[in-house]
Colleague: 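Let me give you the structure first, and then I'll get to my questions.
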Amino acid sequence: MKNYLENEKALLAFNIWDINSAKAVLDGACAQRKNVILQTSSGLYKKLPQKQLREFVDSYARQCGVKAWLHLDHCRELDVIEDAISNRWDSVMIDASAEVIDENIAITNRVTEMAHKYGVLVESEVGQVQGCEEDIQVQREAIASKEDIQKFLKNTNVDMIAVAFGNVHGLYQGEPDLHYELVEYTTQHTGIPFVVHGGSGLSEDVIKRLLSISGVKKINISTEVKMSYLNGIKRASEQGLFKEDGFQAARVEQCIQNAIQEFVVQKLQLLDV
Ligand code: 13P
């Protein structure tokens, strides 16, 4: 299957944590007839049945008539990246953004060398996106500088770049203060596909504005997928499913699946502009 930078407009990437969450996201994608990226953080990747997830995603997406790619999100461990490549993940993110720019460049180059041999795409981050994404916590915002973006892209061979432009992992406190000019600068001056992190909590208008910038290729959404899971449990509780005689786990699971699927459908509709 062709990688998602070829022939695809912008895509949404939803974080998943097991085969059930993958199925719920794929059901949303099927309902919308939209291609989709499923991604896992590095910590969760290690706990997954990776080969079985790959097989499931391939066969379920094929049956639904959509394309689905697997991406390893924020990873700082080269052996995990190597493992994901060997398990046929389509793309990997090396997150060396905590390092100084020269070190970030050096580590990224080791990953591109490893990944490109197998046709696996590489995403990397410049600046540091604030907030908490699974096992990665960044306390202080570090918006990328134009100099670092230029230097990074001149000295690496990455396929996609994530730039810290005021975006935050987790929900935003108040109105997001996004530096759109950095997104425009990166896409216009470098032509490298841009990845937006911190998609949860961005309004429809903000997402549409980002999607209108040519070169924005991937918008990541994680926290809100997990919130949908929680909504599913709340719905199950409101329906009294936890108090039924003869508790039926499958009925609770269905509420969760429905909640995630509905959320994914609603988000994917934003691509119809
Ligand atoms: P959110 O958790 O804010 O949606 O961010 C997702 C993300 O950027 C994953 O890398």
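Numbering of ligands and ligand atoms starts at 1, following listing order. Residues take their numbers from the sequence shown, with the count starting at 1. No experiment lies behind these values; they were computed from the predicted model shown.
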Colleague: Check if His169 has a non-hydrogen atom at a distance under 4.0 Å from any atom of ligand 1.
Modeller: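 In this structure, His169 qualifies as a contact of ligand 1 - some heavy atom is under 4.0 Å.
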Colleague: If you apply the rule side-chain hydrogen bond (donor to acceptor under 3.5 Å, both in side chains), what do you find for Tyr60 with Asp27, and how did you get there?
Modeller: CA-CA 9 Å; Tyr60 201 71; Asp27 282 336; 2.6 Å; yes
Colleague: Would you check, one step at a time, whether the test salt bridge (charged side-chain N to carboxylate O under 4.0 Å, His left out) holds for Lys151 with Asp102?
Modeller: CA-CA 9 Å; Lys151 185 173 189 188; Asp102 288 330; 2.8 Å; yes
Colleague: In the protein, which heavy atom is nearest to atom 4 (O) of ligand 1, and how far is it?
Modeller: Ser200 OG, 2.5 Å
Colleague: Say whether Gly170, considering both its backbone and side-chain N or O atoms, lies within less than 3.5 Å of an N or O atom on ligand 1.
Modeller: yes
Colleague: Could you go through the side-chain hydrogen bond (donor to acceptor under 3.5 Å, both in side chains) check for Asn15 and Gln39 one step at a time?
Modeller: CA-CA 5 Å; Asn15 284 63; Gln39 56 187 19; 2.9 Å; yes
Colleague: In ligand 1, which numbered atoms sit nearer than 4.0 Å to a non-hydrogen atom of His74?
Modeller: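 Ligand 1 atoms under the 4.0 Å threshold to His74: 10 (O).
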Colleague: With nothing but distance in play, are any N or O atoms of Gly198 less than 3.5 Å from an N or O of ligand 1?
Modeller: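 N/O-N/O distance below 3.5 Å exists for this pair.
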Colleague: Applying a 4.0 Å heavy-atom criterion (strictly less than), which segment of Val168 is in contact with ligand 1: side chain, backbone, both, or neither?
Modeller: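 Answer for Val168: backbone.
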Colleague: Quick one: which ligand 1 atoms are inside 4.0 Å of a heavy atom on Ile221?
Modeller: 4 (O)
Colleague: Does Glu224 approach ligand 1 within less than 4.0 angstrom via side chain, backbone, both or neither, non-hydrogen atoms only?
Modeller: neither
Colleague: Of all the heavy atoms in Asn167, does at least one lie under 4.0 Å from an atom in ligand 1?
Modeller: no
Colleague: Of the side chain and backbone of Asp73, name the one, both, or neither that has a heavy atom under 4.0 Å from an atom of ligand 1.
Modeller: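 Contact part for Asp73 vs ligand 1: side chain (C-beta onward).
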Colleague: List the steps and the verdict of salt bridge (charged side-chain N to carboxylate O under 4.0 Å, His left out) for Arg209 and Asp205.
Modeller: CA-CA 6 Å; Arg209 180 165 174 190; Asp205 285 349; over 6 Å; no
Colleague: Does Phe165 have its ring centroid less than 6.0 Å away from the ring centroid of Phe194?
Modeller: yes
Colleague: State, with a plain yes or no, whether a side-chain heavy atom of Ile219 is found less than 4.5 Å away from one of Val216.
Modeller: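 Yes, close enough: below the 4.5 Å cut-off.
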Colleague: Answer with yes or no whether the side chains of Asn258 and Gln254 bring together a donor and an acceptor at under 3.5 Å.
Modeller: yes
Colleague: Return the closest protein heavy atom for atom 2 (O) of ligand 1 as residue, atom name and distance.
Modeller: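 Result: Thr223 OG1, 2.5 Å.
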Colleague: Per the side chain to side chain contact (heavy atoms under 4.5 Å, CB included) rule, which among Ile192, Ile149, Val196, Asp148 passes with Val163?
Modeller: Ile149
